[in-house]
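Reckoned from all heavy atoms, side chains included, excluding hydrogens, waters and symmetry mates.
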Amino acid sequence: MNDIPAEEEILKKEKIGYLKSKLNLLKGTLYLTPNRLVLNAHKTGVSGFGILGMFLKRQVEKKNFGFNLEFKDIENISQGKHGAQKNVLEIMTIHNEIFRIIVKRYEDWEYDLNKRI
């Protein structure tokens with residue numbers, strides 16, 4: 001869904017938590033390229049025994065969530081909160097979609113994105 005072609009340069013890459021909703025946190029990876037911001041996230045969790053458990057886990061993790069945003073589609077970025085966590089990158093698109101992502105250092109992402117939007 002949000003694959004980055006091999007020839008496209010990755011300027012920054014970080015393992016993140018994607019806040020799909022207030023109670024739904026998905027693990028994923030956030031990529032910054034010269035032209036866009038890409039989020040690949042998926043559900044994790046199903047575990048079980050043997051072949052059935054392995055099959056169920058693969059089925060759950062197969063569905064990807066996230067986005068592929070060109071910088072021209074980003075309206076605003078801001079710092080949000082999730083509980084005590086203050087390193088929440090909030091991205092609002094020109095279509096009024098809001099994506100909330102827990103990053104290691106909000107200030108670093110804010111700086112890198114503000115240079116491009």
Side-chain angles (χ1 to χ4, degrees):
M1 171 182 171
N2 299 319
D3 293 329
I4 298 174
E7 67 274 1
E8 188 169 359
E9 180 183 9
I10 296 174
L11 303 173
K12 188 173 191 161
K13 174 182 171 182
E14 183 177 312
K15 297 289 184 190
I16 54 82
Y18 171 43
L19 295 161
K20 190 165 182 321
S21 66
K22 287 187 178 195
L23 300 174
N24 194 359
L25 174 69
L26 305 178
K27 292 185 179 187
T29 305
L30 188 62
Y31 300 90
L32 179 69
T33 76
N35 302 312
R36 60 197 174 123
L37 186 65
V38 178
L39 172 68
N40 282 325
H42 56 85
K43 290 183 179 180
T44 58
V46 178
S47 63
F49 299 101
I51 294 172
L52 179 59
M54 191 169 61
F55 173 75
L56 289 173
K57 181 177 173 79
R58 203 173 298 144
Q59 289 300 105
V60 166
E61 292 182 355
K62 185 170 29 175
K63 186 170 182 184
N64 283 324
F65 298 88
F67 56 74
N68 183 345
L69 289 175
E70 292 185 23
F71 296 126
K72 66 178 178 58
D73 294 329
I74 298 174
E75 177 74 28
N76 184 39
I77 60 166
S78 60
Q79 185 172 14
K81 278 181 59 179
H82 184 73
Q85 176 62 263
K86 293 181 181 174
N87 283 318
V88 177
L89 175 65
E90 291 188 353
I91 300 167
M92 178 181 278
T93 71
I94 58 174
H95 306 291
N96 292 322
E97 297 171 293
I98 297 176
F99 299 101
R100 301 181 72 231
I101 304 151
I102 298 174
V103 294
K104 290 181 183 141
R105 291 181 41 93
Y106 168 80
E107 295 82 11
D108 293 347
W109 282 97
E110 178 186 45
Y111 176 80
D112 289 338
L113 287 169
N114 277 331
K115 289 192 308 190
R116 290 168 174 79
I117 60 171

- Identify, with sequence neighbours excluded, every residue that meets side-chain contact (heavy atoms from CB on, under 4.5 Å) alongside Glu7. Pro5
- Under the side-chain contact (heavy atoms from CB on, under 4.5 Å) test, which residues partner Ile117, sequence neighbours left out? Phe71, Ile74, Ile77, Asn114
- Note on the structure: Of all heavy-atom pairs linking Glu8 and Thr33, the shortest is OE2-OG1, 2.8 Å
- Atom of Arg36, atom of Ile4 and distance for their closest heavy-atom approach: NH2-CA, 3.8 Å
- Asn87 side chain to Tyr106 backbone, donor-acceptor under 3.5 Å: yes
Taking atom [atom1] of [X] and atom [atom2] of [Y], what is their separation to the nearest 0.5 Å?
| X | Y | atom1 | atom2 | value |
| --- | --- | --- | --- | --- |
| Ile102 | Leu30 | CD1 | CG | 12.5 Å |
| Gln79 | Leu89 | CD | CG | 9.0 Å |
| Leu113 | Asp108 | CG | CG | 11.0 Å |
| Phe67 | Ile91 | CZ | CD1 | 4.0 Å |
| Leu19 | Leu25 | CG | CG | 5.5 Å |
| Asn40 | Leu26 | CG | CG | 12.0 Å |

By salt bridge (charged side-chain N to carboxylate O under 4.0 Å, His left out), which residues pair with [X], not counting sequence neighbours?
| X | result |
| --- | --- |
| Lys72 | Glu70 |
| Arg116 | none |
| Asp73 | none |
| Glu14 | none |

- Item | Tyr18: ring pair (Phe, Tyr, Trp, His ring centres under 6.0 Å) partners, not counting sequence neighbours | none
- Taking ILVMFWY side chains as joined if any heavy atoms are under 4.5 angstrom apart, and letting links pass through other members, which residues group with Met92? Ile98
Among residues at least two apart in sequence or on other chains, which ones pass side-chain hydrogen bond (donor to acceptor under 3.5 Å, both in side chains) with [X]?
| X | value |
| --- | --- |
| Lys12 | Asp112 |
| Lys15 | Thr29 |
| Gln85 | none |

- Side-chain heavy atoms of Ile101 within contact of Trp109, under 4.5 Å: no
- Which salt bridge (Lys or Arg N to Asp or Glu O under 4.0 Å) pairs, counting each pair once, include a residue from residues 79-102, with sequence neighbours left out? Glu90-Arg100
